[in-house]
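Comments concern the structure below.
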Amino acid sequence: MTVLILGGTAEARALASALADGGIAVVTSLAGRTCDPALPTGAVRTGGFGGAAGLASWLRAHPVAAVIDATHPFAATMTAHAAEACAAAGVPLLRLERPSWRAHPDAPAWRWVADHAEAAAVASELDDRILLTVGRQQVGRYERLVDRPVLVRVAEASATPLPPAWTLLVDRGPFAPAAERALFARHGVRVVVTKDAGGGHTAAKLDAARETGATVVVVARPLPPAGLTLVADVPAAVSWVTASTRPPGR
Ligand code: NAP
């Protein structure tokens with residue numbers, strides 16, 4: 001019995017280890033966008049499946065007992081494809097998604113926006129130094145800030161050059177509170193633009209923003225497909241695998 005994990009996150013790697021420790025074979029699927037990805041325990045396959053139909057074919061061709069979609073909260077296309085493909089192939093699907101920052105004590109004070117276009121519009125009205133932490137693939141959506149002093153932090157540099165007024169910082173995290181405070185002081189950060197990634201890995205910037213009075217602009221998460229079974233942590237995902245792959249009558 002093999003479990004397919006749709007990965008690319010720290011949670012997916014933790015889940016692969018936990019299932020392997022419990023004697024369950026796993027294959028983790030990575031999109032293949034990162035040059036030097038952190039690799040999980042167990043087998044790894046890399047690259048897109050070719051849409052929902054491609055993933056459904058892959059599931060029919062491999063002895064997969066269950067799929068866990070542990071992709072990033074903003075990997076909405078993969079999540080939609082997983083729901084469609086698992087329904088078509090008759091394979092149980094679980095979504096493992098780290099909790100949103102909506103529950104953070106400062107969340108009511110943040111500027112919540114629907115998408116990157118709105119985040120860029122809001123940030124352009126704030127006449128201050130901006131820390132942009134929205135992921136490498138989304139940086140291009142902030143071109144209206146081209147003349148503004150923007151500090152762009154990404155896990156991996158993009159081949160596309162940034163505007164001359166911008167400063168690139170390549171760092172993967174996790175980010176410690178003291179280091180974030182120092183970064184805010186060094187660059188005079190007054191605005192943080194982020195997406196609702198959730199979890200603790202990159203949350204220290206939110207505390208640094210509160211301490212320094214910086215404005216936080218947060219892009220809300222995409223809505224998950226209707227009817228998805230969802231858990232928020234690795235132990236719950238392991239329990240679901242155990243229950244959903246148990247032979248009948250046991
Ligand atoms: P996406 O927009 O939801 O998916 C775009 C396409 O990439 C999918 O249609 C699929 O291609 C392929 N893909 C995505 N995740 C895959 C996976 N785990 N295995 C195989 N193919 C995958 O995805 P994304 O936002 O670009 O994210 C790509 C990867 O980076 C994911 O593994 C995600 O967990 C990770 N990641 C994303 C973010 C983020 O902010 N979006 C942040 C950190 C990590 P086909 O249609 O050909 O199957």
Side-chain angles (χ1 to χ4, degrees), residues 2-16 26-62 64 66-89 91 93-101 113 115-116 119 132-142 152-158 160 170-175 193-203 205 218-225 228 230 234 237:
T2 300
V3 171
L4 173 66
I5 299 173
L6 302 173
T9 58
E11 289 79 9
R13 289 190 294 279
L15 177 63
V26 294
V27 178
T28 298
S29 175
L30 301 176
R33 305 256 168 78
T34 309
C35 293
D36 184 21
L39 291 175
T41 307
V44 175
R45 69 159 298 286
T46 302
F49 294 93
L55 176 56
S57 302
W58 193 95
L59 293 172
R60 290 189 191 101
H62 295 81
V64 172
V67 175
I68 301 184
D69 170 16
T71 56
H72 191 271
F74 280 78
T77 304
M78 191 69 243
T79 292
H81 287 179
E84 194 181 329
C86 287
V91 177
L93 169 69
L94 179 73
R95 170 78 174 134
L96 166 59
E97 187 172 288
R98 68 179 83 128
S100 157
W101 282 331
V113 295
D115 53 31
H116 292 282
L132 186 62
T133 60
V134 292
R136 171 175 49 116
Q137 293 180 74
Q138 309 304 333
V139 166
R141 303 212 197 173
Y142 291 80
V152 181
R153 183 165 68 191
V154 287
E156 190 173 298
S158 148
T160 315
V170 179
D171 198 348
R172 204 173 277 265
F175 302 106
V193 180
T194 184
K195 51 192 182 190
D196 180 13
H201 209 69
T202 60
K205 64 189 170 198
V218 189
V219 180
R221 288 183 178 186
L223 283 178
L228 207 56
L230 201 136
V234 169

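We're numbering straight along the sequence, starting at 1. Both counts, for ligands and for their atoms, begin at 1 and track the order of listing.
- Residue contact check: Gly48 has heavy atoms under 4.0 Å from atoms 11 (O), 21 (N), 45 (P), 47 (O), 48 (O) of ligand 1.
- Nearest non-hydrogen protein atom to atom 46 (O) of ligand 1 is Gly51 N, 3.0 Å.
- Closest heavy-atom approach to atom 34 (O) of ligand 1 among the candidates His72, Lys195, Met78: His72.
- Checked for salt-bridge contact, Glu156 and Arg33 miss the test: no charged N lies under 4.0 Å from a carboxylate O.
- In this structure, Gly47 has a heavy atom closer than 4.0 Å to ligand 1.
- Ring planes of Trp58 and Phe49: perpendicular class, angle over 60° (limits at 30 and 60°).
- Residue contact annotation: Leu55 has no non-hydrogen atom under 4.0 Å from ligand 1.
- Residue-ligand proximity, His81 to ligand 1, at heavy-atom distances under 4.0 Å covers atoms 9 (O), 46 (O).
- In this structure, the protein non-hydrogen atom closest to atom 20 (C) of ligand 1 is Ser29 OG, 3.1 Å.
- For the pair Ile5/Pro40, no side-chain contact is recorded, criterion being any heavy-atom separation below 4.5 Å from C-beta on.
- For atom 7 (O) of ligand 1, the closest non-hydrogen atom on the protein side is Arg33 NH2, 2.9 Å.
- Of all protein heavy atoms, the one lying nearest to atom 29 (C) of ligand 1 is Ala31 CB, 3.8 Å.
- Annotation: side chain of Lys205 is in contact with side chain of Arg153 (closest heavy-atom distance under 4.5 Å).
- Counting the atoms of ligand 1 from 1 in the order shown, those under 4.0 Å from a heavy atom of Thr71 are 18 (N), 34 (O).
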Criterion side chain to side chain contact (heavy atoms under 4.5 Å, CB included) on Val152 and Thr133, from CA distance to verdict: CA-CA 6 Å; Val152 181; Thr133 60; over 6 Å; no

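- With contacts defined as side-chain heavy-atom distances shorter than 4.5 Å, the pair Val3/Ile68 qualifies.
- Between Asp69 and Arg95 there is a salt bridge, since a side-chain N of the basic residue sits under 4.0 Å from a carboxylate O of the acidic one.
- For Gln138, no heavy-atom contact with ligand 1 is shorter than 4.0 Å.
- With sequence neighbours excluded, no residue satisfies side chain to side chain donor-acceptor pair (under 3.5 Å) with His72.
- Residue-level proximity to ligand 1 for Leu30 is carried by the backbone, the only part with a heavy atom below 4.0 angstrom.
- When non-hydrogen atoms are compared, ligand 1 lies under 4.0 Å from neither the backbone nor the side chain of Ala197.
- No heavy atom of Gly135 sits closer than 4.0 Å to any atom of ligand 1.
- Atoms of ligand 1 lying under 4.0 Å from at least one heavy atom of Ala76, given by number and element, are 3 (O).
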